[in-house]
Each structure stands twice: as C-alpha cells, then as structure tokens.
Amino acid sequence: MAQAKIKPRAEDYAQWYQDIIQHADLAEPAGVVKGCMVIKPHGYAIWEAMQADLDRRFKATGHKNAAFPLLIPMSFLEKEAEHVEGFAPELAVVTHAGGKELEEAYCIRPTSETIIGHFFAKWIDSHRDLPLLINQWANVMRWELRTRMFLRTSEFFWQEGHTAHATHDEAKEEVARMLDVYRDFAREMMAMPVVRGIKSAHERFAGALETLTIEAMMQDGKALQSGTSHDLGQNFGKAFDVTFQNAEGEREYVWQTSWGLSTRMIGALIMTHSDDDGLVLPPRLAPIHVVIVPIYRKDEERDAVLEAADRIAADLRDDGLRVEVDKRTGMKPGAKYYEWERKGVPMRLEIGPRDLEQRAVMSKMRLAELDERGRPMKETLPWDGLGVEIGKRLDRFQEELYERALKMREENTHLVDTWDDFVAAFEGSKSSFVYAHWDGTTETELAIKEATKATIRCIPLEGEGPPPEPGKCIKTGEPSAQRVLFAKNY
RNA sequence: CGGGGUGUGGCGCAGCUUGGUAGCGCGUCCGCUUUGGGAGCGGAAGGUCGAAGGUUCGAAUCCUUUCACCCCGACCA
C-alpha cells in the first residue's frame, strides 16, 4: 500500500484527486493503452452499486436491457449530419480484421444512436410497437485529447437508454422522466445535489433537438455534467428510416430519445464528498458499510474476540449490511483504521476484550468530530439491536453528506448582475455557480467563455435556481428572459 | 493537438550538471516481541533505470527517435 501522504485539497486539488484514486485503490491508468484505465475491484464495486440501483429504476419505468455491437459501420455515423460532425474527430476506427483490410471500416461505438436506430427500423412497424424502451449497459470509446481518470477516459463504461415514441410529446415526457431518474439517483444514492436544466444550443448533443442535463458542483466550485437526456426529435428516425403506421394508417417517423450516465459519476462522488484523509462514500453506494477491527493481546483473547467479531458480522449481514472483518495479523489497529478511512468505509467497529465484557462495540463514523484532545469521537453500541442502531447511523450519515454538499453548493452560488462582478467570480482558477442573464446567442456565450473560461452549464428548469425574472445580458445588455447557470466545468 | 513537466523495485524519491555498471524511505517476505489511532528489533527478497537506436573501452547519466503519465489550454460524458 502506498505510504506517501494524500496531497491536501487546498494545496493542489488536481493532485488530491489523483491521490484519492490511488490511495483508495479505485483505479489506475492502463499505461499500455493511451487514455484508458483499469478500474480496480474497490472502484468497480462502486460502479456495480450504481448499476444495480439505476437498473432497478430503469426497469421500474418500463425499460428493458439489450446489447448491441461494439463496432459500428462508418457509414452509419454519416447518416446523421450533425452527429458525425460531432463525433468524427474522436472516433477509433477498425480497418483490418481477420488478416485483411475491411471493405468498410468500423468505428468503435462512441455512443449507439446510429446502430440502435438501424435496428429500431427493423423492429418498429406499427404504433402498437411503440413506445420501444431500451437500455444498454456498455463500454464506449471516444479518443479524447486530454484524459483524467473517471472524468474523461478514452474508454468509459455507461448506460445508454434509447427509446422510440409515436409523438413528440411522449418523447419529451420520456426525456424529462429520465432526467428526474438521474436527479433522484444523485440525490438518494450519491447524496449529491444537482441542478436540472437545458443545454444551450452550443453545448447540445450532436444530433439532438434538445439536451437536458443534471449539473453538480464539485468542491472546487467547478461544475460536472453528471447525466444527460436528449430529445432526438425525428433526426435519427429520418436518418435510419424508423417509421411506423399510425392508428389512421399513415406512415410516420418515430420520435426518439437517448439518455446516459457513466463511470464519470465515480469522479463526481470523489469530488463531492471526499476529504484530505481519503475517500468518503455515501453508505448506499459503499461496497463495505462496516469494517470490524478486532483487537487483542494474547492468544486466548484473540480467539474470543474473533469469534465475537464473526458472530456480529454474520448478524449484521443478516440485517442487510455489507460487513468485512479485518483479521489481518501483524498490523496494528491504528494502521487498519487509516487504511479503511482512506478507502471510504462509512463506519468502523472496534471489538476487544473490554467490549466482550460489556457486550458492546466501539463505533466510529468516517467523518467523526474531534474531541478536546483532537481524537475522533467514538460511540459505544451494545450488541443488542446493533444492526438497527448502525442502520440509523448510516442513514443519518447518508443524509448528512447530502446536507453538507448542498450547503457547500449554496455557499458558492451567487446571483451576478454586473460584468465586473462576473469576471471577478471566475478570476484565475476560481469557480462557483453564477446565475446571470444571457441574451440567448451562441456568439455571446462564446465571448463570455473566451473572457472568463466560464460556460453556460444549463438554462435551469422551473423550480431550479432562482425564480425566473427578466433582465439584461451580463455581457451585451440585451434583454434576457431568465438567468442561466454559469460555471467552469470538468 | 499546442505549451510545460515527469518516467529509476509495489509506492514516494535521490543519483544525471562533471559517464565507471544503482541507492534511500515506506511497503513486501521470514523470525521474535507487539496490537484500544500509522509497532520495534534481527534477517531476506525484489530493479532489462519507460522503450528503441546512437556516441563511447564503458550510458540511469550524453545525443536522436518514440511511448506513457501529469498540469495548463483548445475539444468533449
């Protein structure tokens, strides 16, 4: 295990982020494949927890999983003009296979709208076939110029939902519904508050009529686009001839949507909750809820302590908790404490001879207050009803993480009305969430980015951000219907 | 892709200017003593110095090329 200290956030946020990933043993750069990473077991377990919950939510909203080819004929991409323009620069292309050059090159999927569009055309014939609600869990590849672990790697894992509907209204409902699924997932599982909104034309998905997004604030004030839901209109329907016969017997193009959320969320988790001591995980996504550290001096003590630890672990597992007993020898308890804290385990139990006598355990939460002597506060919990008590504390911890993240965001969210204040808000490497008026043009959006590096993260949906009120564009003074969210972003 | 930086045992680094065949800390393995907030002592293992060429009697060190990673941009989930 690495021994060098985690770089404090205040000194070098980027280095801190790298250190957390290494010290928590989440992933490492592949090295032998540019821009790709190996997600290690502790990191992958977090993704599996995310997948399990999202999959349940997708199925609860009527979606079914399917799998489409990794390789897509190049000609498919070219069928939708904006789509190919958006993705062409970052495609990895397969030109040879089976020892000879292919007649038509394949690209490794950067996203699957095109190949799924092709199959939708085969599968959909009648309005009775609609809506068609499909999700795919997959890896995709986009040859990014600058990569950062979890946030932007050449290969990444995600889910992509693809649906086809008979009417635009139905499709728009789906787009909004799935955005809310993402919002709820972020809130309930990740303990991460998000702002829902609409992407500006410039930030929209290549080939979409409209892109909805959830944007989260990271600890350094930058925004992270955390999930997107696209209204594809009939663009792909027309490109792939996906048509159906309506109730009146007329042939119509379908209305499609797509929506995705990726392993980037692990990066979001890190930058939302973790601290200078290591990873901090919300209990609902933690691969291990509780680690039990047995403490003993003599062999007799050892047997009794381990027996009790195993029994408690078994009881807690029966209560639905994910528990690990750290039986490693030759390692002092303190060393184990530090290691599990680096890995983000929400709660630790210590059990030793003293506890055996009292029929109790010592418990310590990952984010514990310090006492007068600067030591983390611990709490004695009796064996009776232990699972219930731990459950309560984990639930409270989950909620505290959310409250803490929300507070952090609110303290770093501002309404700005003058250009000078706007520039000051993004001076140097500073970032925060700034709600300001914008005249609605891409030209102004780009000028603001050029001057401040801040971009429009989204046009907030109703109920998000400040109440809509007309005003004047921060840059041009032209009329604006509502404030939009500006921030630097990952 | 432009600019900058870095590649030396699992991790963190020194050595490079002034070439002489690799060292430190942590970790790992074995033994004994330890174990309620990062253990101590003794012994041991582990490295084609990112890769390929070149210069040289001799290259971690000098030259060329290349690969990867990190940071700042531009591009993007």
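The sequence lines fix the lettering, A, B, ..., with proteins before strands; numbering per chain opens at 1. Model, not experiment: these values are computed from the prediction.
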**Q** Is there a Watson-Crick or G-U wobble partner for B:G2 with both distances under 3.5 Å, and which nucleotide is it?
**A**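 Across all strands, the one nucleotide that pairs with B:G2 is B:C72.
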**Q** If only side-chain N and O atoms of A:Arg142 are considered, is one of them under 4.0 Å from the OP1 or OP2 phosphate oxygen of B:C75?
**A**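 So the side-chain polar atoms of A:Arg142 never come under 4.0 Å of the phosphate oxygens OP1 or OP2 of B:C75.
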**Q** In whole Å, what is the span from the NE2 atom of A:His23 to the C1' atom of B:G38?
**A** 13 Å
**Q** Indicate whether OP1 or OP2 belonging to B:C11 is found under 4.0 Å from a side-chain N or O atom of A:Lys5.
**A** no
**Q** Can you see if the side chain of A:Lys449 gets near the phosphate of B:G73 - specifically, an N or O under 4.0 Å from OP1 or OP2?
**A**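 Looking at the OP1 and OP2 atoms of B:G73, neither is under 4.0 Å from any side-chain N or O of A:Lys449.
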**Q** Does A:Lys34 or A:Leu446 map to a spot on RNA chain B nearer the 5' end, using the closest nucleotide for each?
**A** A:Lys34
**Q** Check this for me: does the side-chain of A:Glu341 come within 3.5 Å of the base of B:G37 through a donor and an acceptor?
**A**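 Answer yes: a donor N or O sits under 3.5 Å from an acceptor.
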**Q** How is A:Asp355 classified with respect to the nucleic acid when contacts are heavy atoms under 4.0 Å: base, sugar-phosphate, or nothing?
**A**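 If one applies the 4.0 Å heavy-atom cut-off, A:Asp355 turns out to touch a base.
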**Q** Over all strands shown, is A:Arg148 touching base, sugar-phosphate only, or nothing at heavy-atom distances under 4.0 angstrom?
**A** sugar-phosphate
**Q** Salt bridge between A:Arg348 and A:Glu341, side-chain N to carboxylate O under 4.0 Å?
**A**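 Yes, charged N to carboxylate O under 4.0 Å.
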**Q** Does the distance from a Lys or Arg side-chain N to an Asp or Glu carboxylate O, for A:Glu389 and A:Arg393, drop under 4.0 Å?
**A** yes
**Q** Taking any heavy-atom pair under 4.0 Å as a contact, classify A:Leu151: base, sugar-phosphate, or nothing.
**A** base
**Q** State whether the aromatic ring of A:Tyr338 stacks on the base of B:G38, taking stacking to mean ring centres under 5.5 Å apart and ring planes under 30° to each other.
**A**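 Stacking between A:Tyr338 and B:G38: present.
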**Q** Has the side chain of A:Arg348 got a donor or acceptor atom sitting under 3.5 Å from an opposite partner on the base of B:G37?
**A**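 Present.
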**Q** Once you measure the plane-to-plane angle for A:His63 and A:Trp259, does it fall in the parallel (<30°), tilted (30-60°) or perpendicular (>60°) bin?
**A** perpendicular
**Q** Base, sugar-phosphate, or nothing for A:Glu144, non-hydrogen atoms under 4.0 angstrom?
**A**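 The answer is base, as A:Glu144 lies within the cut-off (heavy atoms under 4.0 Å) of a base atom.
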**Q** Regarding B:G36, can its base be found pairing with the side chain of A:Lys332 as donor and acceptor, where the two atoms are less than 3.5 Å apart?
**A**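 No.
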**Q** Would you say a side-chain N or O of A:Arg152 is under 4.0 Å from OP1 or OP2 of B:C76?
**A** no
**Q** According to side chain to side chain donor-acceptor pair (under 3.5 Å), does anything in residues 182-194 of chain A pair up with another residue at least two apart or in another chain? List the pairs.
**A** A:Arg57-A:Glu188, A:Gln159-A:Tyr182, A:Arg187-A:Glu399
